[in-house]
*Asks:* 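Right, I'll just put the structure down here and ask away after.
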Amino acid sequence: MQAREICPNIKAIISVHWERRLFDALIPLPDGTSYNAYLIQGSGKTALIDSADPDLRCNLFAALEGVDSIDYLVSLHGEQDHSGLLPDLLQRYPMATLLCSKKAEEILVSHLAIDKQRIQTVEDAESISLGDLSLEFIYTPWVHWPETMCAYVPQRKCLFSCDLFGSHLATADLFSDDKPRVYEAAKRYYAEIMMPFRTILQKNLVKLANYEIDVIAPSHGPCHREPSFIVDAYDSWVNGKLKNEVVIPYVSMHGSTAKMVHHLTQALVKEGVSVRVFDLTVTDIGQLAIALVDAASIVVASPTLLVGPHPMVGYAAALANSLRPRLKYAGVMVSYAWGGKAIEQIAAAISGLKLEVLGTILQKGLPDQHCYAEIEKLAAAVAKAHREDDEVQC
Ligand code: FEO
């Protein structure tokens, strides 16, 4: 896609990857994605922020037709979807200097074999003049990797936010005016990419609140010309109250676990707790991640396969553990035929979340009246915990 202006003298070069369906060989991309580079043409110098995934080399280089000189290539983040074409760009613009953070320098040299002589590292809050425009660098570590930083053009109140405030969304729209669509994609992006770094993200959001911002230009998805839309969304995901909600990821092989899940669902609804149920055999794991952003509790349910949980349950539990959602309470329900240690293995898989376990239920074969009574006790315990917790919105 050709370069398009987002502010005077600042153009977005958005390389839309319509057909990509997997990121980092892990994250599903039901809506594709885009890689955004930004061309800033000051009265004295020109800078290009980031590049694109090497798969879309043609797009970036076609958009740069006619741009004969670039003084600064800027790398906000060393991951290859943004940095992968820097070696080609350094070749095409032999006089350009590559600007990046100190930590990014190590990554760019070791991952892309970039010549250190071409790199100039910048400090937090350092400013580089482009003539009538300037670029200020803002260290924002862990808005995906440790080296990530943002850049800011004060004369245009434009923030280049790197992966932060982005969305995996292939669209021709330059701005996030289709808010419901972008909100869903941005929340998915937050859940899958940013949520593990929530604590440091809180500090980065406080730091960025010191800047007057009219436009946010992220490195994926559309730009935001109403910054409060995405900033307020992040504030609610990072700092807001948790929902009076239970997420139930499960697998059922012969029906017993499904019966337990259905009974728990009804019991929770009776207790006034909302429920999100995910049959992991058909679930888009990204939908599960989105649900984990603001739910207060999780109940993992699994049949026993050999001596442990069903592998798809093990995967979902490990993923939840890695994504570090703000969950506070947990339960585990397991059905079995002849033994095993599924409950212990599931509890161990999510132990990094440090949740209060409100109940575990182990049922041999089909659930009976005793099992259903235990499930109702679990639902009552969840409802009570939510009611008594100030961090949960009941
Ligand atoms: Fe979009 Fe962390 O790269």
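Whatever order the structure lists ligands and atoms in, that order sets their numbers, starting from 1.
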*Asks:* Less than 3.5 Å apart, any donor N or O on the side chain of T140 or N204 sitting next to an acceptor on the other?
*Replies:* no
*Asks:* Does any donor atom in the side chain of T148 or H77 lie under 3.5 Å from an acceptor atom in the other side chain?
*Replies:* no
*Asks:* Could R188 and D31 be called an ion pair, given the rule that one side-chain N must be under 4.0 Å from one carboxylate O?
*Replies:* no
*Asks:* If you look only at pairs with a residue in residues 263-275, which of them pass as a side chain to side chain donor-acceptor pair (under 3.5 Å), with sequence neighbours excluded?
*Replies:* E245-S274, H263-E376
*Asks:* Evaluate the ring planes of H220 and F23, with Trp represented by its six-membered ring, and classify them as parallel (under 30°), tilted (30 to 60°) or perpendicular (over 60°).
*Replies:* perpendicular
*Asks:* Do R57 and F61 form a cation-pi contact, if we require the NZ or CZ to be under 6.0 Å from the six-membered ring centre and within 45 degrees of the ring's axis?
*Replies:* yes
*Asks:* Please list, in chain and residue-number order, the protein N/O/S atoms closer than 2.8 Å to atom 2 (Fe) of ligand 1.
*Replies:* H77 NE2, E79 OE1, H144 ND1, D163 OD2
